[in-house]
Amino acid sequence: MGERQVELEVLRYNPETDREPHFQRYSVACREEWVVLDALNHVKETLDPTLSYRWSCHMAVCGSCGMMVNGEPKLACKTFLRNYHGVIRVEPLRHFPIERDLVTVIDDFVAKLTRVKPYLIPKEPKSVEAGEYRQTPAQLKRYKQFTLCINCMLCYAACPEYGLIPDYLGPAALSLAHRYNQDSRDGGRGERQEELASKEGVWECSFVGACSEVCPEHVDPAAAIQQVKIRSTLDWYQEHLMPWLKK
Amino acid sequence: MAEEMNGKPYVRPITSEWIFRHPRYLRYMTREFSCLFIGGYTLLLIAGLKSLSEGRAAYDAFLEALKSPASIVFQVVALAFAAYHSVTWFALTPKALPLQLGEEFVSDGAISGAHYVVWAVLSLGIWVLAGAF
Amino acid sequence: MESVQSDVAIVGAGGAGLRAAIALAQSDPKLRIALISKVYPMRSHTCAAEGGAAGVIKPDDSLEHHFNDTVGGGDWLCDQDAVDYLVQEAPKELIQLEHWGCPWSREPDGSVAVRPFGGMKKQRTWFAADKSGFHILHTLFQTSLQFASIERFDEYYVTELLVHEGRCAGVVAIEMRSGQMRRFDARALIIAGGGAGRMFPFTTNGAIKTGDGMALAYRAGVALKDMEFVQYHPTGLPSTGTLLTEACRGEGGVLLNKNGRRFLQDYGMGPETPLGKPVFKTMELGPRDRVSQAFWQEQKKGNMMPTQWGDAMLLDMRHLGEKTINERLPLVRDMSISYMGVDPVTDPVPVRPVVHYMMGGIDTDTRAATRLPGLFAAGECACVSINGANRLGSNSLTELLVFGRRAALSALEYVKAGAAPVNEGARAALATAAQGRLRELMQRSGSGETVAGLRKEMMQTMEQNAGIYRTSEGLTEACAKLSELRRRYARIELHDKTNVYNTDLLQALELGSMLDCAEAVTQSALARQESRGAHQRLDFTARDDVKFLRHSLALYAQNEPPRIDYRDVVITRSQPGVRDYSGGGGK
Amino acid sequence: MAKSNKPIVWGPFAAGGTVTAFVTPALIVLTLLVALGATPELLQYDALLAFMRHGLVEVVAAGVVFVSLWSAAHRLRITCYDLGVRADTLVATVVYAVALAGTAAAIVYLSRL
Ligand SMILES: Cc1cc2nc3c(=O)[nH]c(=O)nc-3n(C[C@H](O)[C@H](O)[C@H](O)COP(=O)(O)OP(=O)(O)OC[C@H]3O[C@@H](n4cnc5c(N)ncnc54)[C@H](O)[C@@H]3O)c2cc1C
Ligand code: SF4
Ligand code: F3S
Ligand code: FES
């Protein structure tokens, strides 16, 4: 079991005392198998109790520990020190305001998630007594991958369009909406379309694909968004060029 | 417990430097820049069409102009960008148009592969039709 | 101090809190609901649950089976009226989740699939691959977004209950982004604050599971019930404590000692079952307490594999094959590779028992009500006594749903019954006093007692003396140590005296909660002179139904150790018997 | 929130992306052959004129020109934004106008063959 001296460079910002963020160096003795989060916890316990960041599960499922590690959006609990050499630079997720140190303000995401109606709007309402909806494994598979989003927002930090156009709904919110659209039990696509096909919806995506590259859960938001674009385009042509097809 | 808060969340400025932040953004920009060459080349074809409509002399002058070093350099670069566009486009198609057969999705590789086959057949067809061989 | 008005306030937005909020919003759209949580709802630890939730659905199963498995699994310390309510409501709740979009795994015909779990006689665990809790939590969270009457207060840390003239009138909380205190006035309050596994150093529990909910009620005079029953899950990764779900064994994984022997057969859980053909309630499908205890015994005999993180046994899943592992246990595979460097498809994974779940908690009745009028509790922080001395895997997610909803209905009844609200003056005075205590903590200096230092000592004490096997000496020592730590805690000093997202402060408050819970655990454990379920005493090895077929109740006593009291277990039809996990259980 | 009319511009963009991915490289190879002195038969004046006068070929050629130009224009518009040019409406007007003008010219030339 190896130990290793690791140099961490952490972006610090305390709104009460700092005008702008600055880097702080910590040199910590780490175990070989540790992740970046372990190193931060070690700093907090032994060197600097004022360092602030979010974390909880340490198993890549709660989505709270997203941060930039050497410029790349990562989950700190799944980023192994053994894959890094030299100084490791840790910063808050890009594109979000910094609340303090590595803690970002994520109101924007939460508001956008709410807007896209990420809940089942049943095609045919059913009472609990009538039992479950039938859904074959194939129908489940159709949307399953898009349910895996842990709302970690690494994709927002990676997507340049979100950085450029803050109103853009963004990869995670769009793929969660798509998740319900693809669900055989759901009949709410029309309602969600109001947001998805709006100006701030899928159309701001230029298919950079960075969101899918950084997504720790392999949700592939880029795929979801392109699928919505195609559906929305078909919708539009149907609505405007073939209005007689409208119900 | 606090008195008044003095500070606010810090908003980092957005700069165009993001393109150089990671190779993936450079790759993206390269892909996007292919539009200049594909568009430019299409304009070249329109010029050819124009010369064709103006008679033999004009058309032959056009063919001659194609042989200039500048034109050759442009075409070679355009070919590289166009091919890059094709490769990226085929890599992305399976995401936009996934295909589910029974329970499983057809693998991305298979969908891209099919596109490559069509690409090869089409290209060969064009070349044979044009009597390039 | 700013105040927020609501009819019902809920502390905690995990599975239990969200379920309660939705139930309230649905039963009366005019109700004002305040949902307060120290983390964003989707960060709550319910997201970590892997295996699934139990509910009778298949034709070969029955409510009676589920009842018997639960009561026997809990070593007859369950209140049987509460268990009856649980098993009855379970299928409805799970179907309700299905209607809200939960992506349960399916059979080819489209009906929901169920899997076997430890201590269960039939397959009745509903699952969504091995991310069941994650999907339940996100389904609930996303569903809750459609109700405008649920007002969320994310990242608000609740510090105290407001109790006036024997009634609960709300809470005070710190808004973490500003450090400001807020008063939440509520006519009824539901606590759904989750577990307290972080008292121990080696746990499957996330950083937020610090027993705050329990401590809030405890300090307000509500007893903590059956706190000595702390569940060890047999299969955690030795490096990080990360859980590998019991479904690994449900799907057919087996446990080996270093000689490759399936040692559970030597501890009354045999005879050995054929590889890849698990038999209900036998061998690897024995209950968690038994399996963890068997590990401890084997370790004493020197039969465990030494690893750099201590002794481990081997969880062998190779015979399941890559396809099954990828389909049913993708997270398990991912985590084994990431955190241990072992691929379960090709190698057995080293695992060891790890602190997992608190059977005990806030004393509630079958209505999810506490003895303090206006205060209700549900989820892991509560103890309605469906888990008894040992929880069966997959009963907890069900409990969150069933009793989360029940707490909501009871709170609504209470509000409708129209107790007069506590007057403004009294509320303001209580809140100001709470604020004063916090300010004092922020400004205190000079003692050198730190959060990290005290926390470490607490964890060591708990691990050494309140683990799988306990003794009178160990527990006595632990009790003394914890009183000492509580005294020292009163002088603790913060390094960070700023307001915005001050995690030094929050961790100090969390440590306070854990110390209170830890003392309740060790004092209750010391007093229980018998071995039952997860509470095993080396000096009292037998179960003693004459003296201890009773719930222990730890009552807060300010600066003194808690007073321990007892209450009879509710027995309706299942008399205490022998817990039999030796084959034949599935027949 | 009103639905966007983006599909009008996006539809031809996607079509153009696909068409150019499949045929543009092959076309460039043909003109490169010319440049290298190995002019393919079909690109001789008489042969090409006869070929291009075919009604179906005219329609296809016009279509290919339109979607190719359009998709290039659309990408250019986004790239300008990515590079920090914020006058999106102006950029859009210019690039789409060029694409349309190019297409119109092509149609005129085709009709004069
Ligand atoms: C790794 C793991 C796997 C598990 N697998 C299973 C399984 O397969 N099946 C099963 O049945 N059970 C399982 N369990 C148990 C089950 O998941 C938990 O018991 C359950 O999720 C607890 O839910 P809860 O709603 O009570 O609390 P949590 O989900 O923990 O939520 C607690 C909430 O309280 C809030 N809170 C706490 N303190 C405060 C405060 N001071 N102020 C404001 N808010 C506060 C938190 O922010 C959070 O929102 C597992 C547990 C773990 C750890
Ligand atoms: S899509 Fe992926 S990267 Fe984005 S929030 Fe969800 S899990 Fe994170
Ligand atoms: S990175 Fe952004 S531009 Fe689209 S494909 Fe992903 S959302
Ligand atoms: S700590 Fe939960 S995702 Fe990293």
Side-chain angles (χ1 to χ4, degrees), chain A residues 11 13-21 68 70-73 91-101 103-105 107 136-142 144-145 158-166 182 206-214 220-231, chain B residues 1-36 38-39 81 84-112 114-115:
Chain A
L11 196 69
Y13 173 69
N14 185 332
E16 288 164 84
T17 53
D18 303 331
R19 297 252 313 285
E20 50 184 37
M68 309 298 290
N70 281 358
E72 180 78 346
E91 296 163 78
L93 279 183
R94 278 220 170 237
H95 301 153
F96 293 96
I98 305 176
E99 189 162 302
R100 162 155 186 193
D101 296 346
V103 178
T104 51
V105 182
D107 298 352
T136 62
Q139 289 172 321
L140 172 64
K141 190 132 197 174
R142 187 146 172 266
K144 184 67 195 278
Q145 145 192 14
C159 174
E161 301 303 334
Y162 178 62
L164 294 164
I165 309 162
Q182 294 287 91
S206 58
F207 211 164
V208 177
C211 51
S212 294
E213 286 176 40
V214 302
D220 204 349
I225 297 169
Q226 310 321 308
Q227 291 165 27
V228 175
K229 282 186 195 168
I230 293 180
R231 284 293 289 273
Chain B
M1 134 206 58
E3 318 324 317
E4 251 332 282
M5 218 175 76
N6 352 345
K8 288 206 169 55
Y10 184 80
V11 180
R12 288 164 287 184
I14 301 289
T15 56
S16 301
E17 135 297 335
W18 64 268
I19 295 162
F20 303 100
R21 222 158 56 210
H22 193 283
R24 73 165 68 91
Y25 302 121
L26 273 178
R27 285 198 298 271
Y28 163 73
M29 271 296 152
T30 312
R31 186 189 92 192
E32 298 299 279
F33 270 114
S34 69
C35 75
L36 288 178
I38 291 173
F81 272 97
Y84 189 65
H85 164 69
S86 306
V87 170
T88 53
W89 196 267
F90 298 149
L92 298 179
T93 315
K95 298 193 169 210
L97 292 166
L99 188 61
Q100 192 181 18
L101 292 181
E103 196 182 327
E104 299 300 323
F105 278 96
V106 177
S107 77
D108 286 6
I111 297 182
S112 301
H115 277 79

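So you know, we letter chains A, B, ... as the sequences are listed, proteins then strands, and number each from 1. In this text, all values refer to a predicted model and were calculated from it rather than measured experimentally.
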Output the residues of residues 87-96 of chain B for which the shortest heavy-atom distance to chain A is under 4.5 Å, in residue-number order; output 'none' if no such residue exists. B:L92, B:K95, B:A96
Counting only heavy atoms closer than 4.5 Å, note whether A:E72 contacts chain B via side chain, backbone, both or neither. side chain
Minimum heavy-atom distance between B:P98 and A:Q227, given as atom pair plus value: CG-NE2, 3.2 Å
Checked A:R94, A:E20, A:Q139 vs chain B; the most non-hydrogen pairs under 4.5 Å come from A:R94
With a 4.5 angstrom heavy-atom cut-off, which part of A:S212 approaches chain B: side chain, backbone, both or neither? side chain
Minimal non-hydrogen separation, B:Y25 against A:P160, with atom names: CE2-CD, 3.8 Å
So what's closer than 4.5 Å to chain A heavy atoms on B:Y10: side chain, backbone, both or neither? both
If one checks every heavy atom of A:R19 against chain B at 4.5 Å, the contacting part turns out to be backbone
Closest non-hydrogen atom pair, A:A210 against B:R24: CB-CD, 3.4 Å
Taking the side chain as every heavy atom from C-beta outward, state whether B:L97 and A:I230 have any pair of such atoms under 4.5 Å apart. yes
Salt bridge (Lys or Arg N to Asp or Glu O under 4.0 Å) involving A:E91 - partner list, sequence neighbours excluded: none
Heavy-atom distances under 4.5 Å only: say whether A:A158 touches chain B with side chain, backbone, both or neither. both
Using 30° and 60° as the class boundaries, would you call the ring planes of A:H95 and A:Y162 parallel, tilted or perpendicular? perpendicular
Note, B:R31 side chain near A:F207 side chain (heavy atom, < 4.5 Å): yes
Counting C-beta onward and ignoring hydrogens, is there a side-chain heavy-atom pair between B:Q100 and B:V106 closer than 4.5 Å? no
Using a 4.5 Å cut-off on heavy atoms from C-beta on, say whether the side chain of B:Y84 contacts that of B:R27. yes
Is it the backbone or the side chain of A:V105 that comes under 4.5 Å from a heavy atom of chain B, or both, or neither? side chain
